[in-house]
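For the single chain, residues carry numbers from 1 onward in sequence order. Read the numbers this way: they start at 1 and go in the same order the structure lists the ligands and their atoms. All values below come from the heavy atoms of this structure, side chains included, with hydrogens, waters and symmetry mates left out.
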Amino acid sequence: MKNRLFLLLLVLLLLFSGCAPKQPERHTKQLFAMDTVMELSVYGDASALEEAAALIRSCEASLSATDSSSELYRLNMAGSMELSDETAALLRTCLALREQTAGAFRPDLYRLTKLWGFTTGEYRVPVQEEIDSVLAALAGDTVRLEGNTAVLTGAELDFGAIAKGYVSQQVAQLWRSKGISGILSLGGNVQTVGSKPDGSPWKVGIRSPFDDSSTLGTLTLGETAAVTSGGYQRYFEKDGVRYSHIMDASTGYPAKSGLASVTVLCESGTLADAYSTALYVMGVERAVSFWRETAGFEMILVTDDGNVYATEGLKDCFSCNSFEVISR
Ligand code: AMP
Ligand code: MG
């Protein structure tokens with residue numbers, strides 16, 4: 001009798017486990033690239049992680065400003081160079097964004113970033129003459145791009161504010177073309193691809209700019225890029241003043257716009273990354289005007305004094321203790 005009962009249970013168990021739809025397994029990979037820790041996750045085919053890692057490495061190899069074999073490094077050294085189609089296209093996008101953001105985003109501020117020590121970690125507050133001399137060089141027509149030939153005058157390029165978003169967009173395209181869903185987190189750059197196998201939305205935490213270990217709020221998302229820029233991500237302090245890695249080309253100093261962090265949500269990772277940096281430089285008022293006149297993105301602004309603003313498209317997917325909604 002006991003044996004029969006056991007057999008019956010076994011049969012039922014086998015039957016039910018056979019019937020239950022099998023969810024694709026989640027696979028995760030961590031890597032260090034583009035000066036940050038990256039975490040990639042996919043559902044199903046784990047080989048998509050290795051392909052993504054190879055793509056990230058190959059983008060890094062052409063776009064890094066510090067790697068002496070990269071295209072960008074060689075252009076900065078030579079002052080003039082024929083670029084690959086891909087790098088020329090990205091530079092063209094950067095120049096258009098510089099125009100669109102009235103110089104809040106600029107790809108040609110590498111000399112300024114170097115002057116303040118952000119490229120080496122040997123931080124310093126430069127004397128005003130040094131800043132003025134770099135600003136004078138940056139005032140002119142610093143970058144020309146004819147066909148694929150780039151010519152620099154008085155400036156060097158740095159794609160640090162756009163490269164991770166650009167790369168996450170490339171990976172998203174690759175995964176999408178193979179029908180793979182997953183999520184990438186490249187430092188402050190998150191990109192979701194497709195939807196989760198169980199149909200539940202992606203949940204992305206926004207880090208508090210005031211405390212490493214806590215989150216400010218959570219976003220419930222479909223497929224999108226969500227990119228955060230903040231002074232807290234890299235900075236140094238001297239004589240009680242905090243200097244962050246995002247430069248304001250109108251002063252030659254690290255931006256001090258009253259914002260502690262900016263998160264941008266946009267279909268394009270490239271734009272999300274460039275906009276988040278630009279809006280951080282702009283400050284609340286200019287950022288809100290920019291959002292009102294630019295379609296295609298949503299944003300969360302956190303001010304130095306802890307106020308949180310989110311644009312109306314996020315009001316149902318952002319959860320946070322308290323925030324003010326910005327309308328069109
Ligand atoms: P992100 O973390 O995307 O906001 O980018 C910040 C990085 O972009 C800095 O570490 C610099 O390498 C570079 N950068 C700094 N200021 C600017 C700026 N105003 N426009 C474009 N790139 C910048
Ligand atoms: Mg950026």
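At a 4.0 Å heavy-atom cut-off, ligand 1 does not touch Val227 at all.
Between Met247 and ligand 1, a contact under 3.5 Å exists for at least one N or O pair. At under 3.5 Å, not a single nitrogen or oxygen of Pro107, backbone or side chain, sits near a nitrogen or oxygen of ligand 1. Checked by distance only, ligand 1 and Ala161 come closer than 3.5 Å through their nitrogen or oxygen atoms. At a 3.5 angstrom cut-off on N or O pairs, Thr277 counts as close to ligand 1.
Looking at Lys178 and Glu51, a side-chain N of the basic residue comes within less than 4.0 Å of a carboxylate O on the acidic one, giving a salt bridge. One finds a salt bridge joining Asp108 and Arg106 here, because a Lys/Arg side-chain nitrogen approaches an Asp/Glu carboxylate oxygen to under 4.0 Å. Comment: Glu156 does not engage Arg111 in a salt bridge, judged by the lack of any side-chain N to carboxylate O separation of less than 4.0 angstrom. Between Glu122 and Lys114 there is no salt bridge, since no side-chain nitrogen of the basic residue lies less than 4.0 Å from a carboxylate oxygen of the acidic one.
The backbone N or O of Leu145 sits nowhere less than 3.5 Å from a side-chain atom of Thr149 that would complete a donor-acceptor pair.
Considering Ile326, Val262, Leu219, Thr228 in turn, Leu219 is the only one that fulfils the side-chain contact (heavy atoms from CB on, under 4.5 Å) rule with Ile300.
Angle OD1 (Asp273) to the Mg ion (ligand 2) to OG1 (Thr277): 180°, rounded to 10°.
For atom 21 (C) of ligand 1, the nearest non-hydrogen atom from the set His245, Arg106, Gln233 belongs to Arg106.
The single protein non-hydrogen atom nearest to atom 12 (O) of ligand 1 is Asp158 OD2, 2.6 Å, given as residue, atom name and distance.
Residue contact check for ligand 1: Ala104 places a non-hydrogen atom closer than 4.0 Å to it. Note on ligand 1: Phe105 sits in its first shell, one or more heavy atoms being nearer than 4.0 Å.
Note on Lys164: not counted as a metal contact of the Mg ion (ligand 2), no N/O/S atom lying under 2.8 Å.
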Can you check side-chain hydrogen bond (donor to acceptor under 3.5 Å, both in side chains) on Thr28 and Glu39, steps first, answer last?
CA-CA 7 Å; Thr28 298; Glu39 189 166 300; 5.1 Å; no
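Taking OG1 from Thr66 and CD from Glu60, the interatomic distance works out to 8.0 Å, rounded to the nearest 0.5 Å.
Against a heavy-atom cut-off of under 4.0 Å, Ser229 is close to the following atoms of ligand 1: 1 (P), 3 (O), 4 (O).
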